Amino acid sequence: MANAFFTPPIAENEPVLGYAPGSDEREELQATVKALKSQQIDAPMIIGGKEVRTGNTVSMHPPYEHAHNLGSFHMGDASHVQDAIDAALAAREKWASTPWQDRAAIFLKCAELLAGPFRQKMNAATLLCQSKNANQAEIDAACEMIDFFRFNVQYMTDIYSDQPESPLGLWNRIEYRPLEGFVFAITPFNFTSICANLCAAPAMMGNVVVWKPSDTQIYSAQVVMELFKAAGLPDGVINIVYADGPTAGDVVFKHRDFAGLHFTGSTAVFQHLWKEIGNNINNYRSYPRIVGETGGKDFIMAHKSAVPAQVATGIVRGSFEFQGQKCSASSRVYLPSNISDEVLKQVKEDVASMKMGTPEDFSNFINAVIDEKSFDKIAGYIDYVKQQDDAEIICGGGYDKSVGYFIEPTVVLTTNPKFRTMCEEIFGPVVTIYVYDENKYEETLELLDNTSDYALTGAIFAQERYAIITATEKLQNSAGNFYINDRPTGAVVGQQPFGGARGSGTNDKAGSFLNLVRWVSPRTFKENLVPPTDYRYPFLG
Ligand code: NAD
């Protein structure tokens with residue numbers, strides 16, 4: 001036990017490297033991609049620190065070049081999920097009683113290893129596995145993950161130092177215990193940093209974790225597990241299993257020690273999991289914490305006073321970076337009639353100038369979408385639009401999966417504000433634009449608010465302050481992350497804590513104390529320094 005109150009290093013955002021031609025980072029990333037591509041990995045599950053191979057292998061391929069084989073992972077079944085729970089629970093007592101500064105040191109070490117020797121391996125794995133270009137990999141797999149580790153250490157100490165008042169004669173205290181049981185992390189394909197954080201945040205607070213990644217992210221998940229190990233995370237604290245979702249869920253959600261779900265993914269899956277947990281509620285030792293960040297139908301709303309070039313740039317960047325496969329990507333836009341022609345003209349020019357292809361060629365802005373299922377779904381939406389009378393495709397609309405899963409950045413213009421692609425999450429490079437009468441601003445804000453079940457992110461572009469104030473008020477519940485004169489994506493840890501409400505999730509704000517506080521169960525102490533010795537209160541006299 002340490003006789004000191006320690007202060008961790010002050011968290012700072014990791015600077016984003018530029019990857020300009022001739023830069024060291026560009027050369028290092030290219031060399032690492034080449035090196036990784038020349039090998040095939042044999043990815044085991046990692047349970048209690050042991051590599052587990054089942055022989056039931058599934059091959060992995062870059063989405064932009066599906067003929068290339070990156071190696072295979074070993075698929076597990078219900079017995080492996082059970083083993084992972086057992087390993088987590090076996091590690092729990094020691095990890096839960098590990099001094100906080102030692103837990104903090106492990107994750108601070110993760111941050112520094114990732115900022116240095118692991119950086120390009122994590123970026124290269126994300127480029128190959130999820131088809132992210134250099135910039136998208138850098139802001140996710142390197143910078144955001146580093147920021148999660150650093151800032152969460154700071155938030156953890158903020159939580160621990162939040163203590164109650166103590167009047168004279170008493171000492172009141174709160175300790176922030178980890179949950180009694182294990183946490184189940186289910187992660188999406190699209191952000192390597194989110195996957196790491198869904199495991200690391202509960203683990204930092206003293207919890208043990210069973211992690212089920214998306215099949216399409218396992219290649220980069222392996223590097224995350226390597227990083228945890230290199231930083232000294234004890235065996236069994238985070239266990240990774242590859243099992244299909246319902247199989248894993250069936251074991252986990254029936255377990256008495258299931259203590260929390262840390263989920264990011266689609267709304268439908270989250271709602272299904274919530275029901276499963278509800279169906280088993282009588283079986284648990286404690287009420288499980290349920291944290292889920294889910295889908296979005298994120299908007300850009302422009303006012304008649306907006307600057308057209310700013311709106312156009314917001315649309316193009318917000319909708320098409322990482323092929324629109326961001327929960328925060330703008331996918332419905334409301335343009336006022338006075339500036340719509342100018343905005344649309346620039347959007348068309350910008351989209352026409354975007355190169356699409358492999359992320360290994362750094363001049364490509366647009367790369368492939370994650371897999372065939374996703375490709376077919378997005379292509380299905382594009383085909384649907386082509387058949388409708390109240391919408392037209394004004395840019396893109398082409399797709400080709402012969403080499404990789406490539407879909408052109410596609411802009412749909414509709415005369416129907418409730419057109420299907422204005423309402424449903426597509427999760428691809430498709431944005432739908434509706435032009436409204438410039439004099440019907442407030443009505444259009446109401447329409448926007450009532451159009452989707454989601455409330456994740458949104459942006460207002462305007463020069464007039466009163467227009468910004470009106471939008472801020474009328475759209476109070478339409479987005480958990482609200483942007484003013486900026487695209488609705490690109491949240492930075494420590495700056496814009498991320499999460500949405502309504503159908504978009506529990507809004508527990510990843511990368512803030514609000515998330516970490518869900519992974520503790522406080523115990524309050526009242527210590528009477530000089531306890532009374534007579535039962536009689538003064539009023540009895
Ligand atoms: P998904 O819902 O298809 O899968 C997410 C995870 O759930 C995967 O690991 C998957 O295997 C697992 N899963 C699926 N069915 C399951 C079941 N029945 N039981 C247990 N696990 C199950 O999502 P995805 O395609 O990987 O990611 C895209 C989605 O994630 C989009 O909807 C996007 O908006 C959302 N997302 C949200 C945020 C946010 O912060 N709000 C961030 C990233 C992604």
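Atoms within each ligand, like the ligands themselves, are counted from 1 in listed order. For clarity, every value in this text was computed on a predicted model and none was experimentally measured.
Nearest protein heavy-atom neighbour of atom 22 (C) of ligand 1: Gly245 CA, 3.6 Å. In terms of protein heavy-atom proximity, atom 8 (C) of ligand 1 is nearest to Thr187 O, 3.3 Å. Remark: minimum distance from atom 37 (C) of ligand 1 to any protein heavy atom is reached at Thr294 O, 3.0 Å. When only non-hydrogen protein atoms are considered, atom 35 (C) of ligand 1 lies nearest to Gly265 O, 3.2 Å. Among protein heavy atoms, the minimum distance from atom 27 (O) of ligand 1 is reached at Pro188 CB, 3.5 Å. In terms of protein heavy-atom proximity, atom 11 (O) of ligand 1 is nearest to Lys212 NZ, 2.9 Å. Among all protein heavy atoms, the one lying closest to atom 32 (O) of ligand 1 is Glu425 OE1, 2.7 Å. What sits closest to atom 36 (N) of ligand 1 on the protein, heavy atoms only, is Cys327 CB, 3.5 Å.
Between Glu138 and the choices Asn133, Asn123, Thr126, the side chain to side chain donor-acceptor pair (under 3.5 Å) rule is met once, by Asn123.
Side-chain contact check for Gln82 and Ser79: no donor-acceptor pair (N or O, by modelled atom type) lies under 3.5 Å. Side-chain contact check for Thr57 and Ser72: no donor-acceptor pair (N or O, by modelled atom type) lies under 3.5 Å. With hydrogens and angles left out, the side-chain atoms of Asp83 and His80 include no donor and acceptor closer than 3.5 Å. With hydrogens and angles left out, the side-chain atoms of His74 and Asp42 include a donor and acceptor closer than 3.5 Å. In this structure, a donor-acceptor pair under 3.5 Å is absent between the side chains of Glu65 and Thr358.
Heavy-atom contacts of Ile186 reach the following atoms of ligand 1: 6 (C), 7 (O), 9 (O), 12 (C), 20 (C), 21 (N) (cutoff under 4.0 Å). Taking every heavy atom of Phe263 and a limit of under 4.0 angstrom, the matching atoms of ligand 1 come to 7 (O). In summary, the atoms of ligand 1 found under 4.0 Å from a heavy atom of Phe498, numbered by their order in the structure, are 39 (C), 40 (O). Atom numbering of ligand 1 starts at 1 in the shown order; those under 4.0 Å from a heavy atom of Ile194 are 42 (C), 43 (C). Close approach of ligand 1 to Gly295 is summarised as follows: ligand atoms under 4.0 Å from at least one heavy atom of the residue are 32 (O), 34 (O). Heavy-atom contacts of Asn190 reach the following atoms of ligand 1: 43 (C), 44 (C) (cutoff under 4.0 Å).
Under a 4.0 angstrom heavy-atom cut-off, Pro246 registers as being in contact with ligand 1. Put simply, part of Pro213 is less than 4.0 Å from ligand 1, judged by heavy atoms. In this structure, Phe427 is part of the shell of residues with a heavy atom less than 4.0 angstrom from ligand 1.
With atom 5 (C) of ligand 1 as the reference point, the heavy atom nearest to it among Val269, Thr267, Thr264 is part of Thr264. Evaluated by nearest non-hydrogen atom to atom 18 (N) of ligand 1, the leading choice among His272, Lys326, Gln217 is His272.
Aromatic ring centroids of Tyr399 and Phe375 lie under 6.0 Å apart. Centroid-to-centroid, the aromatic rings of Phe184 and His255 stay 6.0 Å apart or farther.
Residues Ile277 and Phe258 have side chains in contact (heavy-atom distance under 4.5 Å, counting atoms from C-beta outward). Put simply, the side chain of Met60 reaches to within 4.5 Å of the side chain of Phe73, judged on heavy atoms. Met75 has its side chain within reach of Asp244: a pair of non-hydrogen atoms, C-beta onward, lies under 4.5 Å apart.
Judged by a 6.0 Å distance limit and a 45° cone about the ring axis, Lys132 is positioned over the six-membered ring of Phe191.
Residue contacts with ligand 1, taken as heavy atom pairs separated by less than 4.0 Å, do not involve Asp215 at all. When heavy-atom distances to ligand 1 are checked against a 4.0 Å cut-off, Thr216 has no atom that comes that close, whether in backbone or side chain. Contacts of Phe270 with ligand 1, taken as heavy-atom pairs under 4.0 Å, are absent altogether.
At a 3.5 angstrom cut-off on N or O pairs, Ser266 counts as close to ligand 1.
The neighbour count for Gln40 CD, taken as heavy atoms of other residues, nucleotides or ligands under 6.0 Å away, is above 12. Heavy atoms of other residues, nucleotides or ligands lying less than 6.0 angstrom from OH of Tyr384 number more than 12.
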